[in-house]
Amino acid sequence: MQRAVVDWFAESARDLPWRRPGTSAWGVLVSEVMSQQTPMSRVAPRWEEWLHRWPTPADLAAASPAEVLLAWDSLGYPRRALRLREAAAAIAADHDNVVPVGEEVLRSLPGIGPYTAAAVTSFAHGTRTTVLDVNIRRVLHRIFAGRSHPAPAPSTRERAWASAFVPQRSHVEWNAGTMELGALVCTSRRPACEECPVAEHCRWLAAGKPIDPQRKPTTQAWNGTDRQLRGAVMAVLRSCGPAGVRTDLLTASARELDAEALAALPDPVQQAIARVRELGSSERVARLIADLIDDGLAERAAGNRLRLPG
DNA sequence: AACTCGGGGGT
DNA sequence: ACCCCAGAGTT
């Protein structure tokens, strides 16, 4: 059973840049953080740039947050970029500039949680462990539990359950292969069971592919939220080039927006930028943007509404 | 356990 | 209009 997945992976694995022989553990770590909640088609080009520009943790740690955010481009969740830089600084300072071994140590680094620690351990260090991402979880639930979808978050019990399927020998290929199978064949919406190498072993397929009546955490609102504003502000700053992420230049950035570009922005953002202009105080603006970029919005606006200082 | 945190592409 | 994506951190 595991063999079928491993063999399928050997034939069908995508040619992703971080799968090239010779990729460092640092390269693997960067790819995993970039891939958190972001499709790999968007990750690949950024990864190439990052590894060329910052080939070791110390190189990234020496860069400014602004440079890092700019290079992150529009991968989303920019706090990941800041945390990755912090993790790089810790690796450079405390681990001789080498990605440490051991999931517990890895998890102590900023932005590295259960998934990323396990992925680095398996894919970079080749140590046997249980990797659980949304793809692997879905594949395991379908094959072995006859369920269409896993719970929103993995429990301790699920981890123990999943660990029993990890083979002793080709564990890296099993982890990578089940993940790839979930990404390419056993997809959430329209699984291609006719192409599946383990269809004959799949309890879910045998049961007629029943869809779990599972509740999805009601999708977050977007229009009018702080997230929307922060995203728009970051986009404006990125468009200003290398200096654009400097917090003291936002006023100029907002003022330089022409009417056409401004009209194209969502209403809440137009209003926000109008207010930023009215504030007039570069100090206030700098504070706002510093909060936005640091993700230091400790006080979250009630109802997730936009809140500006002043 | 429930929320929060970006952004783009697919359906 | 949703849905999905190699999740992590906070409350």
Side-chain angles (χ1 to χ4, degrees), chain A residues 9 13-14 16-19 27-47 69 72-84 86-87 106-124 130-139 148-156 172 175-184 186-191 211 214-223 225-235 237-238 266 269 291-305:
Chain A
F9 181 66
R14 287 168 291 183
L16 299 171
W18 46 88
R19 286 180 178 163
V28 173
L29 173 56
V30 172
S31 79
E32 296 302 339
V33 172
M34 285 184 169
S35 299
Q36 292 166 1
Q37 299 292 286
T38 302
M40 300 180 325
S41 55
R42 280 203 282 153
V43 167
R46 297 297 146 255
W47 184 86
L69 286 170
W72 193 254
D73 196 28
S74 61
L75 287 179
Y77 293 136
R79 56 174 59 186
R80 290 182 294 161
L82 298 174
R83 289 179 181 145
L84 184 51
E86 293 171 14
L106 287 165
R107 283 203 53 177
S108 72
L109 298 170
I112 300 186
Y115 164 75
T116 304
V120 168
T121 296
S122 180
F123 304 145
T130 306
V131 179
L132 281 190
D133 78 316
V134 67
N135 287 315
I136 294 178
R137 296 180 63 221
R138 186 175 54 249
V139 168
S148 66
H149 293 86
S155 64
T156 304
V172 175
N175 287 328
T178 47
M179 198 177 305
E180 192 80 340
L181 190 61
L184 298 182
C186 193
T187 55
S188 180
R189 277 297 192 66
R190 298 163 61 103
I211 301 299
Q214 86 170 104
R215 72 187 65 202
K216 9 212 64 165
T218 56
T219 55
Q220 233 173 352
W222 176 251
N223 287 323
T225 61
D226 287 343
R227 295 178 77 176
Q228 185 186 36
L229 169 59
R230 282 194 294 271
V233 169
M234 291 301 295
L237 294 174
R238 283 197 304 268
V269 178
D291 284 349
L292 294 171
I293 291 178
D294 290 347
D295 190 36
L297 290 178
E299 69 244 347
R300 302 209 157 96
N304 209 19
R305 305 300 300 181

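To find a chain, count down the sequence lines: A is the first, B the second, and so on, and within it residues start at 1.
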Checklist line | A/Tyr77 OH - B/dG8 P separation (whole Å) | finding: 13 Å

Item checked: N/O donor-acceptor pair under 3.5 Å between A/Glu180 side chain and A/Arg14 backbone -> yes

Notebook entry, point to check: Reckon A/Ile112 touches a base, only the sugar-phosphate, or nothing at all at heavy-atom distances under 4.0 Å?
Noted result: sugar-phosphate

Check: A/Gln36 has an atom CD; how far is it from atom C1' of C/dG9, in whole Å?
Finding: 11 Å

Note to self: Donor-acceptor check, side chain of A/Arg80 to backbone of A/Val33, threshold 3.5 angstrom: yes or no?
What the structure shows: yes

Next item on the list: Give the rounded distance in Å between these two atoms: CG of A/Asp73 and C1' of B/dG7.
Entry: 11 Å

Next item on the list: Would you indicate what A/Met34 reaches in the nucleic acid, counting non-hydrogen atoms under 4.0 angstrom: base, sugar-phosphate, or nothing?
Entry: nothing

Next item on the list: Specify the separation, in whole Å, of atom CE of A/Met40 and atom P of B/dG9.
Entry: 15 Å

Note to self: If you only use heavy atoms from C-beta on, which nucleotide in B/dT11, C/dA6, C/dG7 is closest to the side chain of A/Arg190?
What the structure shows: B/dT11

Next item on the list: State whether A/Thr116 places a side-chain N or O below 4.0 Å from either non-bridging phosphate oxygen (OP1 or OP2) of C/dA8.
Entry: yes

Check: Separation of A/Gln37 atom CD from C/dC3 atom P, in whole Å?
Finding: 15 Å

Check: Taking for each residue the nucleotide of DNA chain C with the nearest heavy atom, is it A/Arg42 or A/Leu109 whose nucleotide lies nearer the 5' end?
Finding: A/Arg42

Notebook entry, point to check: Using atom P of each nucleotide, how far apart are C/dT11 and B/dG6 to the nearest Å?
Noted result: 16 Å

Check: Counting any heavy atom closer than 4.0 Å, what does A/Val43 reach on the DNA or RNA strands: base, sugar-phosphate only, or nothing?
Finding: nothing

Check: Touch check for A/Trp18, heavy atoms < 4.0 angstrom, all strands: base, sugar-phosphate only, or nothing?
Finding: base

Check: So, do A/Arg42 and A/Met34 sit near enough that their side-chain heavy atoms are less than 4.5 Å apart?
Finding: no

Next item on the list: Write down the distance between CG (A/Leu82) and P (B/dC5), rounded to a whole number of angstrom.
Entry: 15 Å

Item checked: Shortest non-hydrogen separation from A/Thr187 to A/Arg138 and the atoms involved -> C-NE, 3.5 Å

Next item on the list: Could you check whether A/Gly76 gets within reach of a base, just the sugar-phosphate, or nothing at all, counting any heavy atom under 4.0 Å?
Entry: base

Checklist line | Nearest-nucleotide pick for A/Arg80, side chain only, options being B/dG6, C/dC5, C/dA8 | finding: B/dG6

Item checked: Touch class at under 4.0 angstrom, heavy-atom based, for A/Arg19 against every strand present -> base

Item checked: A/Arg83 (side chain) and C/dG9 (base): donor-acceptor pair under 3.5 Å -> no

Next item on the list: Spell out, as yes or no, whether a donor-acceptor pair under 3.5 Å connects the side chain of A/Arg137 to the backbone of A/Ala151.
Entry: yes

Check: From the list C/dC5, C/dA6, B/dG8, which nucleotide is the closest neighbour of the side chain of A/Met179?
Finding: C/dA6

Margin query: At 4.0 Å (heavy atoms only), tell me whether A/Arg107 reaches a base, stays on the sugar-phosphate, or touches nothing.
Written below: nothing

Notebook entry, point to check: Between A/Ser188 and C/dC4, does any side-chain N or O lie under 4.0 Å from OP1 or OP2?
Noted result: yes

Check: In whole Å, what is the span from the CG atom of A/Leu181 to the P atom of C/dA6?
Finding: 13 Å

Check: Please give, in whole Å, the distance from C/dA6 P to A/Tyr115 OH?
Finding: 9 Å

Item checked: Under 4.0 angstrom between A/Thr187 side-chain N/O and C/dC4 OP1 or OP2 -> no

Check: With rounding to whole Å, what would you report as the distance between C/dA6 and B/dC3 at their C1' atoms?
Finding: 22 Å

Checklist line | Side-chain N,O (A/Arg189) to OP1/OP2 (C/dC4) below 4.0 Å | finding: yes

Checklist line | A/Leu75 versus A/Thr38, closest heavy-atom pair with distance | finding: O-OG1, 3.2 Å

Next item on the list: Once you apply the 3.5 Å cut-off to both distances, tell me the Watson-Crick or G-U wobble partner of B/dG6, or none.
Entry: none

Check: Do A/Thr38 side-chain and B/dG8 base share a donor-acceptor contact under 3.5 Å?
Finding: no

Next item on the list: Give the nucleotide from the list C/dA6, C/dC5, C/dA8 with an atom nearest to the side chain of A/Ala183.
Entry: C/dA6

Note to self: Here's a test of your reading of the structure: between A/Pro78 and A/Ser41, which maps to the more 5' nucleotide of DNA chain B?
What the structure shows: A/Pro78

Notebook entry, point to check: Between the main-chain N or O of A/Ser31 and the side-chain N or O of A/Ser35, is there a donor-acceptor pair closer than 3.5 Å?
Noted result: yes

